[in-house]
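Everything below concerns the one structure shown next.
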Amino acid sequence: MSLDILQKLTETLEARKQASPESSYVARLFGKGEDAILKKIGEEATEVILASKGGDKTHLVYETADLWFHCMVLLAQHGLRAEDVLDELARREGLSGIAEKESRKKD
């Protein structure tokens with residue numbers, strides 16, 4: 001079920017790329033460009049931090065959903081999908097976090 005939601009959301013985001021900015025919040029974000037999307041992600045990340053510090057679990061879930069949503073908008077802006085992130089997480093499964101970070105270092 002959760003993967004279905006990510007897939008449906010990804011499809012909706014793709015469709016919004018062609019929508020009128022007057023008809024869709026996401027289309028408006030796409031129209032404003034990457035900087036607007038990044039700004040929104042920064043705002044949402046701050047709200048996640050504040051919700052966590054506030055200790056309200058329901059609010060934390062709500063704010064995290066906003067953050068994930070806006071990260072998905074950014075992925076769509078770059079022609080990427082939620083599946084790309086899930087594939088990367090699957091690749092990392094079973095790897096030590098330290099080893100995984102070392103594998104990304106460039107000489």
Side-chain angles (χ1 to χ4, degrees):
M1 174 139 186
S2 295
L3 293 178
D4 289 342
I5 291 169
L6 288 176
Q7 184 176 17
K8 287 177 187 176
L9 181 54
T10 297
E11 291 167 4
T12 299
L13 293 174
E14 282 301 314
R16 294 297 190 267
K17 285 182 175 180
Q18 309 306 320
S20 165
E22 290 81 32
S23 68
S24 164
Y25 167 75
V26 172
R28 197 172 316 134
L29 271 178
F30 283 136
K32 290 180 179 179
E34 184 178 34
D35 285 347
I37 298 167
L38 292 172
K39 180 180 177 188
K40 193 64 183 168
I41 289 172
E43 291 170 6
E44 297 300 342
T46 299
E47 290 174 7
V48 166
I49 292 165
L50 294 173
S52 178
K53 296 296 280 180
D56 181 339
K57 291 180 182 183
T58 301
H59 190 67
L60 177 58
V61 168
Y62 177 87
E63 295 299 346
T64 300
D66 282 351
L67 177 59
W68 287 12
F69 174 82
H70 287 91
C71 286
M72 288 184 67
V73 172
L74 180 65
L75 289 171
Q77 174 80 5
H78 287 277
L80 297 167
R81 304 170 65 84
E83 290 83 3
D84 296 313
V85 176
L86 295 174
D87 289 346
E88 176 59 17
L89 291 172
R91 183 192 70 79
R92 294 180 187 188
E93 185 177 6
L95 289 177
S96 151
I98 294 170
E100 195 284 322
K101 275 194 149 188
E102 287 294 320
S103 74
R104 290 188 278 152
K105 284 188 178 177
K106 307 257 190 238
D107 292 318

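When reading the values below, keep in mind they use all heavy atoms of this one structure, side chains included, and skip hydrogens, waters and symmetry mates. Just so you know, these numbers come straight off a predicted model, no measurement behind them.
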Given the rule that I, L, V, M, F, W and Y join up when any side-chain heavy atoms are under 4.5 Å apart, are V61 and I5 in one cluster? no

Member of F30, W68, Y25 meeting the side-chain contact (heavy atoms from CB on, under 4.5 Å) criterion with V73: F30

In short, A45 meets L67 closest at the heavy-atom pair N-CD1, 3.9 Å

If you compare all heavy atoms of L13 against all heavy atoms of A76, which two are closest, and at what distance to 0.1 Å? CB-CB, 4.2 Å

Hydrophobic cluster membership, Y62 vs L6, 4.5 Å side-chain cutoff: no

So which heavy atom on C71 is nearest to which on I41, and how close? CA-CD1, 4.0 Å

Quick check on side-chain contact (heavy atoms from CB on, under 4.5 Å): which of R16, M72, H70 does V26 satisfy it with? R16

Mind listing the closest non-hydrogen atom pair of A27 and A19 along with its distance? CB-O, 3.5 Å

Under a 3.5 Å distance rule, please check whether T46 uses its side chain to pair with a backbone N or O of G42 as donor and acceptor. yes

Under 4.5 Å between side-chain heavy atoms, hopping through other hydrophobics if needed: is there a path connecting L29 to L38? yes

Would L75 and D84 count as a side-chain contact (heavy atoms from CB on, under 4.5 Å) if you check the C-alpha gap in whole Å, the side-chain angles of each, and the deciding distance to 0.1 Å? CA-CA 9 Å; L75 289 171; D84 296 313; over 6 Å; no

Hphob cluster co-occupancy, L86 + L9, side-chain heavy atoms under 4.5 angstrom: yes

Does the side chain of E47 reach to within under 4.5 Å of the side chain of H59, using non-hydrogen atoms? no

Would the number of heavy atoms belonging to other residues, nucleotides or ligands and lying under 6.0 Å from NZ of K17 be above 12? yes

Inspect the contact between E11 and K8 and indicate whether a charged nitrogen and a carboxylate oxygen are less than 4.0 angstrom apart. no

Just verifying a value: how many Å separate E43 CD and D66 CG, rounded to the nearest 0.5 Å? 11.0 Å

Shortest non-hydrogen contact from A51 to E63? CB-CG, 4.1 Å

Could you tell me which non-hydrogen atom of L60 sits nearest to which non-hydrogen atom of V48, and how far apart they are? CD1-O, 3.7 Å

